[in-house]
Amino acid sequence: IASSIQQLRLLNKHGLSIPAQLLDILKPPTVVVFTGHMIDHLNQATGRFPPELGPKVRQAIDEQLEALDARIGYSSAACGSDILFIEAMRARDAEVNIVLPFDTESFIKTSVEFAGPGWVKRFREALALADSVKHVTTESYVGDELPFVFAGQLFQHYANIRARALETKPYLLAVWDGDRTIRPGGTASILSEWLG
């Protein structure tokens, strides 16, 4: 697509009139980077994402993806908003690319199973339907937060590379409670990196 658009622009530059409708048809797919909060732990003192907000969050994600005409997505796959994003992208028949910070089973233990078996099932389905699943490392989680940081940086870089190849720019979509406290690899951290 990018190559065709380049050729049409070159022809236009040299005097050949190119209809705007043709450029609209060849519009590159929209690339979206996603970050967001996990469903609250049962013993969490202050709630960021209570489970009952799930349907409303999914609806808001759907609306934003439709407005962006999102076709290619990059994210992690924690319970809560990540999985909601992945499911929303698959419902659009869009491409989904997942980056996990370490091996799959450790990720389930740290970022999915506390929310219950339903989320574990949805996580496994999300991975099975993804177009790509990459790991920062295939080693187990050892308590270090850096793999979470690297995973966030990695899916942002993948999205930037993909968008550049399509001669476009990626969008960032986030489910965020507004708390600016930086937790390594967390939503506020990724937002801060993105916004510079």
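L146 CG to Q153 CD: the interatomic distance, rounded to the nearest 0.5 Å, is 9.0 Å. Separating the CZ atom in R183 from the CD atom in E145 is a distance of 11.0 Å, to the nearest 0.5 Å.
By the side-chain contact (heavy atoms from CB on, under 4.5 Å) test, K169 is found to be paired with no residue, residues two or more places apart in sequence or in another chain being considered.
For the pair K109 and E105, the salt-bridge criterion is not met [side-chain N within less than 4.0 Å of a carboxylate O]. Comment: D69 engages R92 in a salt bridge, judged by a side-chain N to carboxylate O separation of less than 4.0 angstrom.
Nearest heavy-atom pair across T168 and P28 is CB-CG, 4.3 Å. Nearest approach of N97 to S132, heavy atoms of both residues: OD1-OG, 2.7 Å. Pairing each heavy atom of D82 with each of A77, the nearest pair is OD2-N, 3.5 Å. Minimum heavy-atom separation, V136 to P147: CG2-O, 3.9 Å. Residues Q156 and V33 share a closest heavy-atom pair of CG-CG1, 4.1 Å. Minimum interatomic distance between V112 and A78 (heavy atoms only, all atoms of both residues): CG2-CA, 4.4 Å.
Here the side chains of R122 and L84 are in contact, with some heavy-atom distance below 4.5 Å. The closest side-chain heavy-atom distance from F34 to S81 is below 4.5 Å. Residues M38 and S111 have side chains in contact (heavy-atom distance under 4.5 Å, counting atoms from C-beta outward). Using a 4.5 Å cut-off on side-chain heavy atoms (C-beta onward), S76 and L100 make contact. Looking at K134 and Y158, their side chains come closer than 4.5 Å, going by heavy atoms from C-beta outward. Side-chain contact check for V99 versus Y74: every heavy-atom pair is 4.5 Å or farther apart. Looking at heavy atoms from C-beta onward, F85 lies out of side-chain contact with V175 at the 4.5 angstrom threshold. Using a 4.5 Å cut-off on side-chain heavy atoms (C-beta onward), P101 and F107 make contact.
Around CD of E66, the count of heavy atoms belonging to other residues, nucleotides or ligands within 6.0 Å does not exceed 12. The number of heavy atoms from other shown groups lying within 6.0 Å of CD (E139) does not exceed 12.
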Exercise for the section: Start with the C-alpha distance between R124 and I108, add both sets of side-chain angles, then the distance that settles side chain to side chain contact (heavy atoms under 4.5 Å, CB included), and finish with yes or no. Expected result: CA-CA 9 Å; R124 292 194 186 281; I108 290 171; 3.2 Å; yes
Problem - side chain to side chain contact (heavy atoms under 4.5 Å, CB included) evaluation trace for L191 with W176 - result: CA-CA 9 Å; L191 283 165; W176 180 47; 3.4 Å; yes
Exercise for the section: List the steps and the verdict of side chain to side chain contact (heavy atoms under 4.5 Å, CB included) for V133 and T104. Expected result: CA-CA 10 Å; V133 178; T104 302; 5.6 Å; no
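Under a 3.5 Å cut-off, the side chain of D131 and the backbone N or O of V96 do form a donor-acceptor pair. Within the 3.5 Å criterion, the main-chain N or O of L68 finds a donor-acceptor partner in the side chain of T30.
The residue from R90, R71, R162 that alone fulfils the side chain to side chain donor-acceptor pair (under 3.5 Å) condition with E95 is R162. Residue F102 is tested with T110, T138, D144 for a side chain to side chain contact (heavy atoms under 4.5 Å, CB included); the sole match is T110.
Under the 4.5 Å side-chain heavy-atom criterion for grouping Ile, Leu, Val, Met, Phe, Trp and Tyr, L129 is not connected to I86 through any hydrophobic cluster. By the criterion of side-chain heavy atoms lying less than 4.5 angstrom apart, applied directly or through intervening Ile, Leu, Val, Met, Phe, Trp or Tyr residues, I161 is not grouped with F155; the two fall into different hydrophobic clusters.
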Enumerate donor-acceptor pairs with a distance under 3.5 Å from any side-chain N or O in residues 49-61 to protein atoms, sequence neighbours excluded.
from	atom 1	to	atom 2	distance (Å)
R58	NE	D62	OD1	3.0
R58	NE	D62	OD2	3.1
Q59	NE2	E63	OE2	3.1

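Relative orientation of the Y141 and F148 rings is perpendicular, given thresholds of 30° and 60° on the angle between their planes.
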